[in-house]
Amino acid sequence: MDRLLEVTNLHTSFRTYAGVVQAVRGVSFHVNRGEAVALVGESGCGKSVTALSIMQLVPPPGKVTEGCIAFDGKDLTAMTEREMQHVRGNEIGMIFQDPMTSLNPVLSIKTQIVESLRLHQNLRGEAATHRALELLRMVGIPSPERRLAAYPHQFSGGMRQRVMIAMALACSPKLLIADEPTTALDVTIQAQIIELMKELKEKLGMSIILITHDLGVVAGLAQRVVVMYAGKVAEQGTVDEIYKSPQHPYTWGLLKSVPRLDATRKDKLVPIYGQPPDLISPPQGCPFAPRCDWAMNICKTAQPEFTTLSDTHQVACWLQHSMAPANPRVKRGGAA
Amino acid sequence: MAPLIEVKNLKKYFVVARTRLGAPKSWLKAVDDVSFTIDRGETLGLVGESGCGKTTVGRTICRLYEPTGGEVLFDGQPVFKLDRREMLAMRRKMQMIFQDPYASLNPRMTVGDIVGEPIDIHRLASSKAERDEMVHELLHTVGLSPEHAARFPHEFSGGQRQRIGVARALAVNPSFIICDEPISALDVSIQAQIINMLEELQEKRGLSYLFIAHDLSMVKHTSRRVAVMYLGKIVELAESVELYRNPLHPYTKALLSAIPIPDPDVERTRHRIILEGDVPSPIDPPAGCRFRGRCSYAMPVCAEQEPPMRDVGDGHHVACHLI
Ligand SMILES: Nc1ncnc2c1ncn2[C@@H]1O[C@H](COP(=O)(O)OP(=O)(O)O)[C@@H](O)[C@H]1O
Ligand SMILES: Nc1ncnc2c1ncn2[C@@H]1O[C@H](COP(=O)(O)OP(=O)(O)O)[C@@H](O)[C@H]1O
Ligand SMILES: [Mg+2]
Ligand SMILES: [Mg+2]
């Protein structure tokens, strides 16, 4: 399949007084054209920093220190800020968890959308208004003619998120990065937004990176899942591989810690105890080892390499090694 | 045995506009005629979209808000009729834990003082040493250590702060705790820790919970019975498995269908009822059934009459003209 985005060995760090926070430590993944990929993991594991690195929007004192981000045949890390502005306005759209932080509260929705259309698409006047209405209609804002002049605070949380999506779509992006777009919303509104993204992806053939800490919301939208932990990829695979045959104990933990609505009996939830490591001095071995029920001696001293289980399924875990004790849940690939 | 908590026709209206003379001109009916019971050792779940009045129900039951109408009986005692002194004693029996572990703890107090404050207010310790001993015991109960007593809330993660909130609620040894979205602000991996802890405490101490959440899958997991709220009213109440298997109210059906299931096969074939629009304003709620504007089965009668709550058998209650 045709790759739209390929992130290779991305490293992003923040140089703070407390030390260098190694937020992203060698992340690699790709997104095909027309595909939705989910980035999943708990807070602080580097999902947002990965997204901001792709957009070249990492705030100081943060910096991409290593790695390559190929987007549609161009290396984004080698671009000037001017070139990058063009990419952000025309090829990659991004939406955030809290739309209020990215909408300007003192400008009407119309002004904001029209301004972005003028800047990036060189549309003005009638044509811009027309396109703005079309976008609001596309994201399901009822009677957009009446809502166009409204200000962000006059919209509910779900409607604001729709406005954000409309603005991100203004440039007809090839890739939409949605960073926890539904975390602050009610489940009913979350379902609306996920449904909307699914529809837009099919209609516009756009690719999506969906960032979330909840594996639950992913199954209905994404084709593939990248599970991140402590700035690294722990496991990646198709939704079927990740949900039906997960191989990393962290993925097991994420799946077992939430109840399923369709469960017929009550199983005790299995929490992941403890907390993710400090990224100023990440552990020498597998970063998940201190919280892992299956951790072996090797896990505390050496980083596991990736094992390839299929064209699409990879896992970084010592349980894959031929010298690890057998585990009924582990399906071994090649030697680690 | 009589239930521990009986809530009867509870109403809480907020004044949103006054005349020039200060008389109320328009009301926001946050909770409008809500009734339910909670047994000893039972968890009752309360779900609904934000703004439907869940928090207001919780806060009015323990009189953090003065009620507009209705009655709450705690072990037969009418909570709204208690005077100040009696209410202070009642506060030892019912406690509340809050959604936002960041906002609900005083940032300038040490964890020891946060947990110890209720002990001081209710004079539960006869000496400083006994108080400190109690604080350490409470911290231990919620999985924290005595050394944490000297630290401040900002030094803790979200999950740990929620544990501090639970320790504080437990300090007075209550029999009923209102848990207002105790896990909504937490990462999924941490949510299970808090839920398991609340369940273990319930088993050990025979606690009753009102468990408020917007996540129906977690509510189904934790609660024996679940009440579904919409715009100030309970629209359906049933045992949690029954509610999931046999939802009767169109709103409950929509709420259930909105919940994602972590299984790609299920998700691929699932038919989703997408609720159009947002919750209407509780300031001038629609006459008749409050859900009718978003209901695809609405009939003329729904605009005219408010559907009464009916028992359809086995403790399954629903308020809908279709049933
Ligand atoms: N501006 C910053 N300064 C210092 N550290 C930061 C900054 N932004 C993010 N980090 C750190 O980078 C790590 C990854 O953060 P982030 O990508 O936001 O996590 P996620 O989105 O997965 O919750 C965290 O440990 C966080 O503390
Ligand atoms: N102190 C208050 N004053 C005025 N209105 C309030 C107050 N508290 C809550 N409300 C309103 O009451 C309704 C119910 O709120 P709340 O009980 O917080 O809902 P939930 O907890 O279900 O999200 C909302 O419309 C809210 O705006
Ligand atoms: Mg983030
Ligand atoms: Mg609330």
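Per chain, numbering begins at 1; letters A, B, ... match sequence-line order. The shown structure was predicted, so the numbers you read here are calculated from the model rather than taken from an experiment.
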### Parallel, tilted or perpendicular, as decided by the 30° and 60° cut-offs, for the rings of B:Phe152 and B:His154
parallel
## Note on the structure
Smallest heavy-atom separation, A:Leu221 atom then A:Met197 atom, equals CD2-CE, 3.7 Å
### Query
What part of B:Ile274 lies closer than 4.5 angstrom to a heavy atom of chain A: side chain, backbone, both or neither?
side chain
### Query
Would B:Glu242 and B:Arg245 pass as an ion pair if we require N to O under 4.0 Å?
no
### Query
Could B:Arg268 and A:Asp240 be called an ion pair, given the rule that one side-chain N must be under 4.0 Å from one carboxylate O?
yes
## Note on the structure
Distance col, row B:Asp180:CG vs B:Thr55:OG1, nearest 0.5 angstrom, shows 3.5 Å
### Query
For B:Val188, is it the side chain, the backbone, both or neither that has a heavy atom under 4.5 Å from a heavy atom of chain A?
both
### A:Glu42, part contacting chain B, at a heavy-atom distance under 4.5 Å
both
### Task
Please flag which part of B:Val219 lies under 4.5 Å from any non-hydrogen atom of chain A: side chain, backbone, both or neither.
neither
### Closest-packed option against chain A by number of heavy-atom pairs under 4.5 Å, given B:Gly143, B:Pro260, B:Pro264
B:Pro264
### Query
Contact part of B:Leu256 toward chain A, heavy-atom cut-off under 4.5 Å: side chain, backbone, both or neither?
both
Per-pair distances, 0.1 Å, donor-acceptor, side chain in residues 144-151 of chain A, under 3.5 Å, sequence neighbours excluded:
unit_1, atom_1, unit_2, atom_2, d
A:Glu145, OE2, A:Arg137, NH2, 3.1
A:Arg146, NH2, A:Ser143, OG, 3.1

### A:Glu235 side chain to A:Gln247 backbone, donor-acceptor under 3.5 Å
yes
### Task
Assert yes or no for the condition that the ring centre distance of B:Tyr230 to B:His249 is strictly below 6.0 Å.
no
### Query
Which atoms of A:Val187 come close to chain B, meaning under 4.5 Å heavy atom to heavy atom: side chain ones, backbone ones, both, or neither?
both
### Message
For the interface with chain B, which of A:Gly140, A:Ala263, A:Gly253 has the highest count of heavy-atom pairs at distances below 4.5 Å?
### Response
A:Ala263
### Task
Tell me, for B:Ile183 versus chain A, whether the close heavy atoms (under 4.5 Å) come from the side chain, the backbone, both or neither.
neither
### Message
Do the side chains of B:Glu199 and B:Arg224 get close enough for a salt bridge, i.e. N-O under 4.0 angstrom?
### Response
no
## Note on the structure
Given A:Val217, A:Asp262, A:Leu255, A:Val239, the one with more heavy-atom pairs under 4.5 angstrom with chain B than any other is A:Asp262
### Query
If you count heavy-atom pairs under 4.5 Å between each of B:Ile190, B:Asp265, B:Ile273 and chain A, which one has the most?
B:Asp265
### Query
Which residue out of A:Gln190, A:Lys266, A:Lys256, A:Gln275 racks up the most heavy-atom pairs below 4.5 Å with chain B?
A:Lys266
### Query
Is it the side chain or the backbone of B:Ser257 that comes within 4.5 Å of chain A heavy atoms, both, or neither?
neither
